Colleague: 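Before anything else, here's the structure in question.
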Number of protein chains: 2
Amino acid sequence: MTAVAPSTKKAVTLFHALSDETRLALLERLKDGEQCVCELTDAMKAAQSRLSFHLKVLKDAGLVEDRREGRWMYYSLSSQAIEELEDLVDSLKKAAKSAGSARRCC
Amino acid sequence: MTAVAPSTKKAVTLFHALSDETRLALLERLKDGEQCVCELTDAMKAAQSRLSFHLKVLKDAGLVEDRREGRWMYYSLSSQAIEELEDLVDSLKKAAKSAGSARRCC
DNA sequence: ACCTCCTATCAATGAATATTGATCTATAAG
DNA sequence: CTTATAGATCAATATTCATTGATAGGAGGT
């Protein structure tokens with residue numbers, strides 16, 4: 001019954017940020033807690049500019065936060081966007097449960 | 001502490017399917033119940049081949065199911081993939097809550 | 001001031017994706 | 001059997017995204 005998702009753009013951004021193997025791997029690592037970029041590049045054997053790019057995508061989507069400490073940048077999960085995600089998935093789930101009533105068409 | 005998500009590929013596919021405005025709009029419509037392609041093309045004023053393409057992406061990701069009835073194809077939400085989504089988001093949420101413990105680095 | 005280390009950004013290339021219009025298949029109706 | 005309709009698929013193009021290597025900035029250390 002929902003008219004048109006009010007913030008479709010936001011949802012697209014969120015899901016897009018999650019739709020990449022490298023970025024999911026980053027989030028997976030951040031589940032263990034805050035980490036600095038050097039640690040991530042090291043652990044993932046990835047080029048620095050590559051991770052920097054992906055971390056920016058995650059940050060722009062609101063999925064991670066960054067914090068500077070000296071010359072290091074620390075990244076960590078941000079629960080904010082994750083809750084929005086939860087809501088999106090929830091509304092889908094509810095709708096999926098109330099099975100589709102076949103309607104005459106065309 | 002999770003090693004490496006076992007089915008990262010699956011997650012990427014799921015999130016990618018959701019990372020498009022047209023596809024989110026389709027899902028939004030399907031929340032109201034099963035609908036045939038002609039109804040969707042009509043309502044969304046989109047080219048038929050375009051929707052067919054996006055519906056395929058959604059179907060390949062397991063987010064929708066199709067059913068043929070005469071010459072019409074009916075699409076509906078599939079709760080299967082949606083539950084996988086829920087799990088993915090859940091594990092992120094839990095990790096985000098146990099705030100990141102800053103660790104010495106580099 | 002200089003040099004070094006950590007990270008972000010930029011420019012160029014290459015790879016995936018989306019869009020369009022045309023064609024093909026299947027089902028139904030006459 | 002012919003025609004019409006619903007939808008999928010294909011080929012070509014346009015667009016968007018990721019990767020790489022180079023450069024630039026900012027913070028410490030000497």
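So you know, we letter chains A, B, ... as the sequences are listed, proteins then strands, and number each from 1. Remember, it's a predicted structure, so these values are computed and weren't measured experimentally.
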Colleague: Name all residues meeting the side chain to side chain contact (heavy atoms under 4.5 Å, CB included) criterion together with A11(A); count only those two or more places apart in sequence or in a different chain, and write none if there are none.
Modeller: F15(A), L88(A), L24(B)
Colleague: Please list, chain by chain and in numerical order, all residues satisfying side chain to side chain contact (heavy atoms under 4.5 Å, CB included) with D42(B), sequence neighbours excluded.
Modeller: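 Applying side chain to side chain contact (heavy atoms under 4.5 Å, CB included) to D42(B) gives none.
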Colleague: Once you round it to whole Å, what is the distance between P of dT19(C) and NZ of K45(B)?
Modeller: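 K45(B) atom NZ is separated from dT19(C) atom P by 18 Å.
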Colleague: When the distance from NZ of K56(A) to C1' of dC10(C) is rounded to whole Å, what number comes out?
Modeller: 13 Å
Colleague: Does dG7(D) have OP1 or OP2 under 4.0 Å away from a side-chain N or O of Y74(B)?
Modeller: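 Looking at the OP1 and OP2 atoms of dG7(D), neither is under 4.0 Å from any side-chain N or O of Y74(B).
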Colleague: Check side-chain hydrogen bond (donor to acceptor under 3.5 Å, both in side chains) between S91(A) and all other residues, then give those that pass, not counting sequence neighbours.
Modeller: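 For S91(A), the residues satisfying side-chain hydrogen bond (donor to acceptor under 3.5 Å, both in side chains) (neighbours in sequence not counted) are K31(B).
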Colleague: Report for the helix from dA1(C)-dT30(D) to dG30(C)-dC1(D): angle between first-end and last-end helix axes, five pairs each, rounded to 10 degrees.
Modeller: 20°
Colleague: Of the nucleotides dA8(C), dT9(D), dA8(D), which one has an atom closest to the side chain of V37(B)?
Modeller: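 Per side-chain heavy atoms of V37(B), the pick is dA8(D).
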Colleague: Send over the distance from F15(B) CZ to dC17(D) C1', rounded to a whole Å.
Modeller: 19 Å
Colleague: Report the distance from atom CH2 of W72(A) to atom C1' of dG29(D), rounded to the nearest whole Å.
Modeller: 11 Å
Colleague: Measure CE/M73(B) against C1'/dT5(D) and give the value in whole Å, please.
Modeller: 15 Å
Colleague: When you match D20(A) and G70(A) each to their closest nucleotide on DNA chain D, which lands nearer the 5' end?
Modeller: D20(A)
Colleague: Looking at the side chain of H16(A), which of dA18(C), dT9(C), dA18(D) is the nearest nucleotide?
Modeller: dA18(D)
Colleague: Between D66(B) and V57(A), who's closer to the 5' end of DNA chain D by nearest nucleotide?
Modeller: D66(B)
Colleague: Once you round it to whole Å, what is the distance between P of dT20(C) and CG of L51(B)?
Modeller: 10 Å
Colleague: Could you work out, with side-chain hydrogen bond (donor to acceptor under 3.5 Å, both in side chains) as the rule, every residue matching D87(B), not counting sequence neighbours?
Modeller: none
Colleague: Tell me, which pairs form a salt bridge (Lys or Arg N to Asp or Glu O under 4.0 Å) where one or both residues lie in residues 43-54 of chain A, sequence neighbours left out?
Modeller: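 Qualifying pairs: none.
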Colleague: Side-chain N or O of H54(A) versus OP1/OP2 of dT19(D): is the shortest distance under 4.0 Å?
Modeller: yes
Colleague: What does nucleotides 20-26 of chain D look like as a protein-contact string, B for base, S for sugar-phosphate only, - for none, at under 4.0 angstrom between heavy atoms?
Modeller: BBB----
Colleague: Which whole-number value in Å describes the distance from E39(B) CD to dG7(D) P?
Modeller: 10 Å
Colleague: Can D66(B) and V37(B) be said to form a side chain to side chain contact (heavy atoms under 4.5 Å, CB included), step by step?
Modeller: CA-CA 10 Å; D66(B) 58 356; V37(B) 177; over 6 Å; no
Colleague: Short question: side chain of S52(A), backbone of S49(A) - any donor-acceptor pair under 3.5 Å?
Modeller: no
Colleague: Which atom pairs, one a donor and one an acceptor, fall under 3.5 Å between side chains of residues 77-86 of chain B and the rest of the protein, sequence neighbours left out?
Modeller:
{"unit_1": "S78(B)", "atom_1": "OG", "unit_2": "G62(B)", "atom_2": "O", "d": "3.4"}
{"unit_1": "S78(B)", "atom_1": "OG", "unit_2": "E65(B)", "atom_2": "OE2", "d": "3.4"}
{"unit_1": "S78(B)", "atom_1": "OG", "unit_2": "Q80(B)", "atom_2": "N", "d": "3.4"}
{"unit_1": "E84(B)", "atom_1": "OE1", "unit_2": "K10(B)", "atom_2": "NZ", "d": "2.9"}
{"unit_1": "E84(B)", "atom_1": "OE2", "unit_2": "K10(B)", "atom_2": "NZ", "d": "3.0"}
{"unit_1": "E86(B)", "atom_1": "OE1", "unit_2": "K93(A)", "atom_2": "NZ", "d": "3.2"}
{"unit_1": "E86(B)", "atom_1": "OE2", "unit_2": "K93(A)", "atom_2": "NZ", "d": "3.1"}

Colleague: Tell me, which pairs form a salt bridge (Lys or Arg N to Asp or Glu O under 4.0 Å) where one or both residues lie in residues 72-82 of chain A, sequence neighbours left out?
Modeller: none
Colleague: Tell me: CG of L58(A) to P of dA8(C), nearest whole Å?
Modeller: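 About 12 Å, once rounded to whole Å.
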